[in-house]
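Input: a single structure, listed below in structure tokens.
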Amino acid sequence: MSAVAPQFQQYTKRMLDLLGSQDPMLVHSGTVKKLRKAIRNLSRNQLGRSPAPGKWSIRQIIAHLVDVEIVAAYRLRRILANPGASIEPFDQDVWAKRLGYEKHSVQNDLNHLEILKATNLELYRRLSPGEWKYHGMHVERGRETVEHICKMLAGHDLNHLAQVQAIRKQLLGK
């Protein structure tokens with residue numbers, strides 16, 4: 001495998017920097033509650049409004065978080081069952097378009113995300129210290145351990161939570 005491209009190194013650094021010294025398990029367990037708070041009192045129209053051309057609405061961001069959690073659940077299980085397994089990337093913009101993120105129910109997606117997060121948290125809690133070190137080979141980003149994936153996902157949650165909060169401020173003029 002060739003060296004990891006700079007844009008993937010930058011993405012990884014950004015997600016891990018967002019997490020910083022925070023406990024990824026606490027981030028994962030608090031994501032849905034924070035999202036629910038961030039969207040409180042926003043209308044269906046507001047949830048579907050893009051903050052700028054080419055940018056996702058809150059509805060689309062939450063749909064994306066659901067799909068990322070589904071993909072992560074599969075990747076984690078694949079790695080645990082077959083250490084060193086290949087991890088395929090996915091094009092989030094294609095998924096958003098073809099899976100109709102703009103038509104999703106935000107409340108249904110939050111309910112799904114809550115269940116998916118709880119399921120993945122349960123898996124993390126069952127892992128032995130050695131299993132946290134199991135790895136897969138991401139086609140774009142290279143070797144990724146279960147521990148690294150857990151941290152990356154927590155940073156990813158924080159990234160999108162900040163986007164949702166910024167869109168809320170923009171919508172409410174605050």
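Below, each value reflects all heavy atoms present in this structure, side chains not excepted, and no hydrogens, waters or symmetry copies.
By the rule that hydrophobic residues join a cluster once side-chain heavy atoms approach within less than 4.5 Å of another member, Val68 and Met152 end up as members of separate clusters. Put simply, Leu113 and Ile115 are part of two different groups of oily side chains (I, L, V, M, F, W, Y) that touch within less than 4.5 Å, one to the next. If you chain together hydrophobic residues whose side chains sit under 4.5 Å apart, Leu121 and Leu26 never meet in one group. Under the 4.5 Å side-chain heavy-atom criterion for grouping Ile, Leu, Val, Met, Phe, Trp and Tyr, Met25 is connected to Ile79 within one hydrophobic cluster. Phe90 and Tyr74 fall into different hydrophobic clusters, where Ile, Leu, Val, Met, Phe, Trp and Tyr are joined by side-chain heavy atoms under 4.5 Å apart, directly or via other members.
Side-chain contact between Asp93 and Trp56: present, with at least one pair of heavy atoms (C-beta onward) separated by less than 4.5 Å. The side-chain heavy atoms of Arg44 and Arg59, taken from C-beta on, include a pair separated by under 4.5 Å. The side-chain heavy atoms of Arg77 and Leu123, taken from C-beta on, include a pair separated by under 4.5 Å. By the 4.5 Å heavy-atom criterion applied to side chains, Lys34 and Val164 are not counted as neighbours. Arg78 places a side-chain heavy atom less than 4.5 Å from the side chain of Ser86. Side-chain contact between Ile87 and Met137: absent, with no pair of heavy atoms (C-beta onward) separated by less than 4.5 Å. Looking at heavy atoms from C-beta onward, Leu158 lies in side-chain contact with Val27 at the 4.5 angstrom threshold. At least one side-chain heavy atom of Leu35 sits under 4.5 Å from a side-chain heavy atom of Leu65.
Here the NE2 atom belonging to His104 is positioned 9.5 Å from the CD atom belonging to Gln60, to the nearest 0.5 angstrom. Within the model, atoms OG of Ser29 and OH of Tyr124 stand 12.0 Å from one another, a figure rounded to the nearest 0.5 Å. Summarising the geometry, atom CD1 belonging to Ile61 is positioned 4.5 Å from atom CD belonging to Gln163; distances are rounded to the nearest 0.5 Å. We find the CZ-CG distance between Arg49 and Leu42 to be 9.5 Å, quoted to the nearest 0.5 Å. To the nearest 0.5 Å, atom CD1 of residue Ile58 and atom CG of residue Asp109 are 13.0 Å apart. Rounding to the nearest 0.5 Å gives a distance of 8.0 Å between CG of Leu76 and CG of Leu127.
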Hey, mind stepping through Val66 and Leu110 against side-chain contact (heavy atoms from CB on, under 4.5 Å) and telling me if it holds?
CA-CA 8 Å; Val66 170; Leu110 284 172; over 6 Å; no

Before giving the answer on side-chain hydrogen bond (donor to acceptor under 3.5 Å, both in side chains), spell out for His64 and His156 the whole-Å C-alpha distance, their side-chain angles and the decisive distance to 0.1 Å.
CA-CA 11 Å; His64 166 70; His156 182 262; 3.0 Å; yes

Test side-chain contact (heavy atoms from CB on, under 4.5 Å) applied to Thr119 and Glu69, step by step
CA-CA 10 Å; Thr119 301; Glu69 205 67 28; over 6 Å; no

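Closest approach of Pro89 and His138 over heavy atoms only: CB-CE1, 3.9 Å. Summarising the geometry of Gly155 relative to Leu18, their closest heavy-atom pair is O-CD1, 3.7 Å, with the distance given to 0.1 Å. For the residue pair Thr145 and Lys133, the shortest heavy atom distance occurs at CG2-O, 3.6 Å. Taking all atoms of both residues into account, the shortest heavy-atom contact from Gln165 to Ala38 is CG-CB, 4.1 Å. Nearest heavy atoms, Ala73 versus Asn120: CB-OD1, 3.4 Å. For the pair Pro51 and Gln170, the tightest heavy-atom approach, listed with the atom from each and the gap, is CB-OE1, 3.0 Å.
Shown are Ile149, Leu16, Leu153, Leu19; of these, the side chain to side chain contact (heavy atoms under 4.5 Å, CB included) with Pro24 is made only by Leu19.
A distance-only check finds no donor-acceptor pair linking the side chain of Arg75 to the backbone of Ile70 [under 3.5 Å]. Side-chain N or O atoms of Asp91 include one that pairs as donor or acceptor with a backbone N or O of Val94 at under 3.5 Å. Between the His28 side chain and the Cys150 main chain, a donor and an acceptor come within less than 3.5 Å of each other.
With a 6.0 Å radius and a threshold of 12 heavy atoms from other residues, nucleotides or ligands, Lys117 has its NZ atom above the threshold.
Salt-bridge annotation for Glu114 and Arg36: present, with a side-chain N of the basic residue lying under 4.0 Å from a carboxylate O of the acidic one.
Taking the six-membered ring where the residue is Trp, the centroids of Trp95 and Tyr101 are separated by 6.0 Å or more.
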